[in-house]
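A short worksheet on the structure shown next.
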There are 2 protein chains.
Amino acid sequence: MQSENNTNVFIFKVLSNEVRLAIIEALLKKPMNVNEICEEINEEQPRVSHELRCLAVCGFVYSEREGKRIIYEPNKDTITPIIEAANKHARIFGSKMRGCEMLSDIRKMTSR
Amino acid sequence: MQSENNTNVFIFKVLSNEVRLAIIEALLKKPMNVNEICEEINEEQPRVSHELRCLAVCGFVYSEREGKRIIYEPNKDTITPIIEAANKHARIFGSKMRGCEMLSDIRKMTSR
DNA sequence: ACATCATATCAATATTTTATCATATGTCAA
DNA sequence: TTGACATATGATAAAATATTGATATGATGT
């Protein structure tokens, strides 16, 4: 339970990045190779490779070589429920957080 | 959908911190005031107050004054599904991530 | 083996987040 | 209104993460 907790912190860390989350969402539409992902989310290739590595180590995506290309697929089983649960919270509290792009933005919100 | 996505990044950021997640887990057991939380998770009061503010702004906890004390409660409705979904991933891939405390640890894992 | 395309790695820097401490604010009770 | 307790705030140093571009590796088909 305690170790599960620490693992959860790490899981959320991995998901708390715009590029990584964009990659996941893109792959949920359809499996792709690095360059297709780059086009889809408009990011540089080294950057996307970097993040794919992270996502792969953490079990969020897996890969399979097809000739020259390496096709990445998301691990729908565990990703989908996490994202949907977050969506639910976002739907209700998204407006409350509007304008927060960084954690430090919260300091600027004086009212509670 | 796009704004939901950005909000999700933020949601995961908030949850990707040991202290904040510990606060949430503690409050899921029972509502508490700041000092009780401090004891439970063994952290300093200013630190916990800081994080409670963050959690409150983001809709993860809400508070109610009871005399001198302010009692904090978690927003079980949306938190529980998120944590459970993460637990599921942790159960399967936790071992793969074992030893990762920081994202930079991933760089040390050379094998894929 | 060579040329080419696809992907990964490295390292330096910029940005963001965490951690800490001193201090302020607020509430109650005498 | 004073004292005691409870909680919040602000500034800042330290640490972690994101970003970037140059370069390296790897696989394929010829």
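Chain A is the first sequence line, chain B the second, and so forth, proteins listed ahead of strands; every chain is numbered from 1.
- Summary of the strand contacts: A:Ser16 and A:Glu66 both lie near DNA chain D, and taking for each the nucleotide with the nearest heavy atom, the more 5' one is attributed to A:Ser16.
- For A:Ser49 and C:dA8, the shortest distance from a side-chain N or O to OP1 or OP2 is below 4.0 Å.
- The neighbour count for A:Glu73 CD, taken as heavy atoms of other residues, nucleotides or ligands under 6.0 Å away, is above 12.
- Both A:Lys13 and A:Gln45 lie near DNA chain C, and the one whose nearest nucleotide falls closer to the 5' end is A:Gln45.
- For the pair A:His50 and C:dT9, the ring geometry does not qualify as stacking, because the centroid separation below 5.5 Å and plane angle under 30° are not jointly satisfied.
- Residue B:Arg69 has no polar side-chain atom (N or O) positioned under 4.0 Å from OP1 or OP2 of D:dT7.
- Mapping B:Val34 and B:Ser104 onto DNA chain D by nearest heavy atom places B:Val34 closer to the 5' end of the strand.
- Note on B:Arg47: a base of the nucleic acid sits closer than 4.0 angstrom, heavy atoms only.
- The backbone N or O of B:Asn33 sits nowhere less than 3.5 Å from a side-chain atom of B:Arg69 that would complete a donor-acceptor pair.
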Apply salt bridge (charged side-chain N to carboxylate O under 4.0 Å, His left out) to A:Arg47 and A:Glu51, showing your working. CA-CA 6 Å; A:Arg47 178 70 200 280; A:Glu51 306 302 2; 3.0 Å; yes
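- Residue B:Arg65 has no polar side-chain atom (N or O) positioned under 4.0 Å from OP1 or OP2 of C:dG26.
- In this structure, the nucleotide among D:dT9, D:dA6, D:dG21 sitting nearest to the side chain of A:Pro46 is D:dG21.
- Between B:Asn17 and C:dT18, a side-chain N or O to OP1/OP2 separation shorter than 4.0 Å is present.
- When only modelled atom types and interatomic distance are considered, B:Thr80 and B:Glu84 share no side-chain donor-acceptor pair under 3.5 Å.
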